[in-house]
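Please read the structure below before turning to the comments.
In listed order, ligands and their atoms are each counted from 1. Just so it is clear, the model here is predicted, and its values are computed rather than measured.
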Amino acid sequence: MNAFDELARLLGERIGMAIDPRRRASIEARLAGLMADCGYSDSEEFVRRLRSGLDPALMNRTVDAMVTCETLFFRDRAPFEAMRGVVLPKLKETRRDFRNLRIWSAACATGQEPYSIAMVIDDMARDFAGWRVDIVASDISQSALAAARAGVYSQFEVQRGLPTAMLLRYFRKDAAGWRVAEHLQAAIDFRHVNLVSEFGALGCFDVVLCRNVLMYMDVERRRDILRRISAQLAPDGYLMLGATETIVGLTDDFVAAPGFAGLFTHRPQKRGTMRLVANS
Ligand SMILES: C[S@@+](CC[C@H](N)C(=O)[O-])C[C@H]1O[C@@H](n2cnc3c(N)ncnc32)[C@H](O)[C@@H]1O
């Protein structure tokens, strides 16, 4: 097996990445750049080092270089309209005695998705006065997570999807760029989580966004991750996938919620058989 195939196999095992053969040339180019940056000239030696598990920093750099972190504020708009118009009002009603909500952005990339959620909730602050709302945001990429935690965006990034009123209300410009408001930053618990590994310790959620990440994985991985998300999602909770992603052939646990592409609830038959997992 050559070094590229060996790297592809390793990334498949560790992070579930399925490399589309049509993207081989671009992945090879990324590999060449990464090896040069890390001081390797022999690709077989590079992959052997990765596989040895002795160099976690090299593995992190490789993951950072290979994953696609493309994202934007309020991506696809509809999920955030659904959140404001359907999901949060419904949960406000059903959780009124507990006054507690947990939301997970399961592949948050550089943070635009969880900050978009935080802005929606902040905008509805009056509805949730006295509530505890936890937003957990996770990703496999350490560099994406560092950018998400920092919460500083370029002019180009804030121009993609973020309404001007939101920009002026929740960001301030300094020498580094557009800095997100501290109270939004403080509202998000950023975690390093590999969706391929066990994530039960995160506890139970009312809403899970797992958007535009399963599309880079093979069918078996998608099935496994959706099955485990289903177990962590409240019986009456909501799952959000990317607008072009489907559950067809992957899971019978969910049904599409009418009116919003990418919004799913547990199938009614499934709800009756579910037991909530205790939060940590
Ligand atoms: C295209 S971005 C999606 C970002 C955001 N959810 C959105 O829809 O705009 C895909 C993200 O999935 C992350 N990712 C890929 N494999 C992962 C894994 N096994 N576990 C956790 N995150 C992963 C990547 O690091 C990347 O940040």
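For the pair A106 and ligand 1, the shortest N or O to N or O distance does not fall below 3.5 Å. At a 3.5 angstrom cut-off on N or O pairs, L195 counts as close to ligand 1. Residue E113 has at least one nitrogen or oxygen atom sitting less than 3.5 Å from a nitrogen or oxygen atom of ligand 1, judged on distance alone. For ligand 1, the polar-atom distance check finds no N/O of L72 at less than 3.5 Å from any of the ligand's N/O atoms.
Remark: side-chain polar atoms of S116 are paired, donor with acceptor, to backbone N or O of Q112 under 3.5 angstrom. A donor-acceptor pair under 3.5 Å is formed between the side chain of Q185 and the backbone N or O of R149.
Annotation: F46 is in aromatic contact with Y40 [ring centroid separation under 6.0 Å]. Taking the ring centroids of F171 and F73, they lie under the 6.0 Å cut-off.
With hydrogens left out, the protein atom closest to atom 4 (C) of ligand 1 is A107 O, 3.3 Å, a heavy atom. If you check which protein heavy atom lies closest to atom 2 (S) of ligand 1, you get T68 O, 3.3 Å. Atom 21 (C) of ligand 1 has V193 O, 3.3 Å as its closest protein atom, hydrogens excluded (heavy atom only). The closest protein non-hydrogen atom to atom 9 (O) of ligand 1 is T71 OG1, 2.6 Å. Among all protein heavy atoms, the one lying closest to atom 8 (O) of ligand 1 is N212 ND2, 2.7 Å. Summary of contacts: the protein heavy atom closest to atom 17 (C) of ligand 1 is I140 CG2, 3.4 Å.
Heavy-atom separations between M217 and ligand 1 include at least one value shorter than 4.0 Å. Residue contacts with ligand 1: G242 is excluded, as none of its non-hydrogen atoms falls under 4.0 Å.
Of the candidates E245, M240, R75, the one placing a heavy atom closest to atom 7 (C) of ligand 1 is R75. Between T110, V196, D139, D64, it is D139 that holds the heavy atom closest to atom 11 (C) of ligand 1. Nearest-heavy-atom check against atom 19 (N) of ligand 1 across N194, V213, V63 picks out N194.
Across every non-hydrogen atom of R30 and V67, the tightest pair is NH1-O, 3.5 Å.
Side-chain contact between M124 and I121: absent, with no pair of heavy atoms (C-beta onward) separated by less than 4.5 Å. Contact of the M35 side chain with the V47 side chain is not registered, since no non-hydrogen atoms from C-beta on lie closer than 4.5 Å.
At a threshold of 4.0 Å, the pair D55-R61 does not count as salt-bridged, since none of the basic side-chain nitrogens sits closer than that to a carboxylate oxygen.
Within 6.0 Å of NZ on K90 lie no more than 12 heavy atoms contributed by other residues, nucleotides or ligands. The local environment of CD in E182 is sparse, with at most 12 non-hydrogen atoms from other residues, nucleotides or ligands closer than 6.0 Å.
Shown in contact with A109 at under 4.0 Å from a heavy atom are these atoms of ligand 1, numbered in order with element: 4 (C), 27 (O).
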